[in-house]
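Chain A is the first sequence line, chain B the second, and so forth, proteins listed ahead of strands; every chain is numbered from 1.
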Protein chains: 2
Amino acid sequence: MSVTIRDVARASGVHISTVSRTFSAPHLVNSNTRSRVLACAEQLGYRPNRAARALITGRTYNIGLIVADIANPFFPPLIKAAESQARKHDHHIFVADTNEDPAVEEELVRALAKQVDGVLVVSPRMSNALIEQLSHEVPLAVVNRQIAGIPGVVMDVAQGARLAIEHLLSLGHTDIALVSGPRGSWTSREIRRSASAAARHKLTVIGPNPPTEVGGLAVAEEVLRAGATAVLAYNDLMAIGLIEGLIAAGARVPQDVSVVGIDDIMLSRLTRPKLTTVATPTAAAGRAAVDMLLALGDQQGDDRRTTAHVHLQTELVIRDSTGPGPGPHSAPGGVAS
Amino acid sequence: MSVTIRDVARASGVHISTVSRTFSAPHLVNSNTRSRVLACAEQLGYRPNRAARALITGRTYNIGLIVADIANPFFPPLIKAAESQARKHDHHIFVADTNEDPAVEEELVRALAKQVDGVLVVSPRMSNALIEQLSHEVPLAVVNRQIAGIPGVVMDVAQGARLAIEHLLSLGHTDIALVSGPRGSWTSREIRRSASAAARHKLTVIGPNPPTEVGGLAVAEEVLRAGATAVLAYNDLMAIGLIEGLIAAGARVPQDVSVVGIDDIMLSRLTRPKLTTVATPTAAAGRAAVDMLLALGDQQGDDRRTTAHVHLQTELVIRDSTGPGPGPHSAPGGVAS
DNA sequence: GACAGTCGTGCAACCGCTTGCATTAATTGG
DNA sequence: CCAATTAATGCAAGCGGTTGCACGACTGTC
């Protein structure tokens, strides 16, 4: 079926090792021989089998990238950045989607394990313990989770959440709701922790919820029942869904309820009202994660204990989905009631 | 580093072939032996190396899925559907993104070739000839392109474009512009062909353009200069960008200009005005494509000539971005001028 | 003209696993 | 009680490559 190194060897009258060297160490073979071999290879349509090569060299030049939900616009920019960074190092990225399912996540890491030089798990839903275990089976780095001993890049959502809450407080909101994310999410816990600390008043936590538009839409009524006048959502997608739900329920945004998202996905600029949100540096995260993973592969075993961690800042982007609350406040240009 | 079949064999006192059979043909090994081997394997943390297995069996249980731009919301539903369909057959999907670059596309097919049981190219940008050639190197199926001899699933965008144009005509539009897509796109050519045929009046073609929001935004002025009162865009993303651009230029949608997209991505329901568009059955396409590819792998070589083609219908979804044009028309409730 | 040093190539083992065949032991039937 | 099955395992070749080592043919040096 497929043409192998042996076919090329036979056609060009040399030993297979010479053919092999023609492709992986050209300087070791005489230029005449080389061109003859290349000609035969070309003519036969020979392509080196990367999997077979990897078996012996241990390098595949592939990187696995696992995300919770490829349909969430948060991920594509990260994926793209990772791809272009990987390309600079001659690597390819293979993306897999877990559908927010931790079991699928584990399965995918294992499936990828021997076919890639390392895997990147973005927004993992697995337990730390499992991640730790998997990291022995394959070089592994995480994004959006901080785990001792596992290299990772995190975006400072705690800071972002604090900024968001402070923004709402300064607008005079006192009843703030937090619409949290999915169960396994480290980010969600961080946000909750930080938001709770920042909110001087009541903070109603609603969740866990699926981190999607419908997840946000579904809690709109609960938000209203809770009497919240401002909401911080786990991500933009939920914030957007929530706004839809609030409007459908007759509430105005931001007049009746202010909504803040997190991520600053492209979509947030397109909805009406435009979403106030916490911008996360996803592209930088993707690049950093790839670098980290490739570095991990190089320093094989020698000094693994110095696990790198990258910490990226976030920032609040104020748009149109937040406005003055009912209480006294000191927003720029705001009016004390 | 990694624990292999040999380690397990040594630990359990059997030959490696017995270990191998324990995992790939359990019924051939005595149940006592089997449980002993499994225990040792478990304890050592043995995981079969799928790549090595594939080298000899020829089956990887992976499928490669190549898309032009993972950030385009058109793709994720298709990818998701493909994943769930693949899962039913115990396969994993690895996604790769080409950034709309035909060269990258070719490179990725080759990189994936020996690591997957087949590759699916969605919305290819390569030439037919190249696809044809690649299909000899790896089982291959395409989506959104019709090529003789290559299995594929297409969505009937020609019909969709016709419906869209007829809708605009019935609203009284006579100056219609077509904002076309990227150069290598079969879909774009189909749309153009069909739209041209359907438009009884002038059809100004603007393009090729990058199939993104900015691609649409960039041609807003050109659309206005051309004097068009209605536009059919290559996809929703462009349509949405275009609307942004039109509004920024002071035109109202749909009062001054009607806009129709294609794809019916989720986003189209969220923008204001909500987008009138041609819905394409992306999930069905993803499923069909996976089935096709797996079927292709089974019938190895024997009767390859009966290449399957799947043809899926599209439909027009009328929302708020289209309205009466300046000319005489017969739209429901419309007024003749 | 003998010697050391290059250069180019072949040989063979090996990466981790599968599989057809041979071998042995246990079981069955006549 | 012996021949014929059957079940369980071992043996070894091989999937498509890579790579350390050995070997022969040149080259240049004194």
Undergrad: Given the structure, check if the side chain of R6(B) and the base of dG16(C) hold any donor-acceptor pair shorter than 3.5 Å.
TA: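 Yes, a donor-acceptor pair under 3.5 Å.
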Undergrad: Classify V19(B) by what it touches in the nucleic acid, base, sugar-phosphate, or nothing, heavy-atom distance under 4.0 Å.
TA: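 It contacts nothing in the nucleic acid.
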Undergrad: A side-chain contact here means heavy atoms from C-beta on lying under 4.5 Å apart; do D101(A) and R125(A) qualify?
TA: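 They are not in contact (no side-chain heavy atoms under 4.5 Å apart), so the answer is no.
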Undergrad: Starting at atom CD1 of I5(B), determine the distance to atom P of dT19(C), rounded to an integer number of angstrom.
TA: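 Taking CD1 of I5(B) and P of dT19(C), I get 11 Å after rounding.
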Undergrad: From the options dC17(C), dT18(D), dT9(C), select the nucleotide whose nearest atom is closest to the side chain of N30(A).
TA: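 For the N30(A) side chain, the nearest candidate turns out to be dT9(C).
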Undergrad: Rounded to the Å, how far apart are K114(B) NZ and dC15(C) P?
TA: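 It works out to 24 Å between those atoms.
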Undergrad: Round to the nearest Å and state the distance from N49(A) atom CG to dC15(C) atom P.
TA: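 Spelled out: CG on N49(A) to P on dC15(C) is 18 Å.
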Undergrad: Whole angstroms only, please: what is the CD-P distance between Q115(A) and dG16(C)?
TA: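 Atom-to-atom, Q115(A) to dG16(C), this comes out as 15 Å.
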Undergrad: Calculate the interatomic distance between L44(A) atom CG and dG16(D) atom C1'; express it in whole Å.
TA: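 Computing the L44(A):CG to dG16(D):C1' distance gives 15 Å.
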Undergrad: Classify R34(A) by what it touches in the nucleic acid, base, sugar-phosphate, or nothing, heavy-atom distance under 4.0 Å.
TA: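 Nothing, no nucleic acid heavy atom in range.
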Undergrad: Do R59(A) and Y61(A) meet the cation-pi criteria used here (NZ or CZ under 6.0 Å from the six-membered ring centre, within 45° of the axis)?
TA: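 Cation-pi check for R59(A) and Y61(A): passes.
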Undergrad: Does T18(B) place a side-chain N or O at less than 4.0 Å from the phosphate oxygens OP1/OP2 of dT9(D)?
TA: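 For T18(B), the contact criterion (side-chain N or O under 4.0 Å from OP1 or OP2 of dT9(D)) is not met.
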Undergrad: Quick one: on DNA chain C, does H27(A) or T57(B) contact a more 5' nucleotide (nearest heavy atom)?
TA: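 Closest to the 5' end, via its nearest nucleotide, is H27(A).
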Undergrad: Could you measure the distance from the CG atom of L140(B) to the CG atom of L296(B)? Nearest 0.5 Å is fine.
TA: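 Those atoms lie 8.5 Å apart.
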Undergrad: Which nucleotide in the list dG16(D), dT18(D), dC17(C) gets nearest to the side chain of R53(B)?
TA: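 The listed nucleotide nearest to R53(B)'s side chain is dC17(C).
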Undergrad: Name the residue closer to the 5' end of DNA chain C, choosing between S17(A) and I56(A) according to the nucleotide with the nearest heavy atom.
TA: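 Final value for this comparison: S17(A).
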Undergrad: Just checking F23(A): base, sugar-phosphate only, or nothing, at a heavy-atom cut-off of under 4.0 Å?
TA: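 Since no nucleic acid heavy atom lies under 4.0 Å of F23(A), the category is nothing.
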Undergrad: For T187(B), is there any backbone N or O sitting under 3.5 Å from a side-chain donor or acceptor partner on N144(B)?
TA: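 Absent.
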Undergrad: What is the distance, to the nearest angstrom, from the NE2 atom on H15(B) to the P atom on dG20(C)?
TA: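 Value for this atom pair: 16 Å.
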Undergrad: May I ask you to verify whether the side chain of R21(A) and the base of dG10(C) hold a donor-acceptor pair under 3.5 Å?
TA: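 For R21(A), whose side chain was compared with the base of dG10(C), there is a donor-acceptor pair (under 3.5 Å).
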Undergrad: Atom CG of L55(B) to atom P of dT18(D): distance rounded to whole Å?
TA: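 After rounding, the reported distance stands at 12 Å.
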Undergrad: Could you tell me how far apart R50(B) (CZ) and dG16(C) (C1') are, to the nearest whole angstrom?
TA: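 About 14 Å, once rounded to whole Å.
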Undergrad: Got S2(A) and K114(B) here, is their nearest side-chain heavy-atom distance under 4.5 Å?
TA: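 Of all side-chain heavy-atom pairs linking K114(B) with S2(A), at least one is under 4.5 Å.
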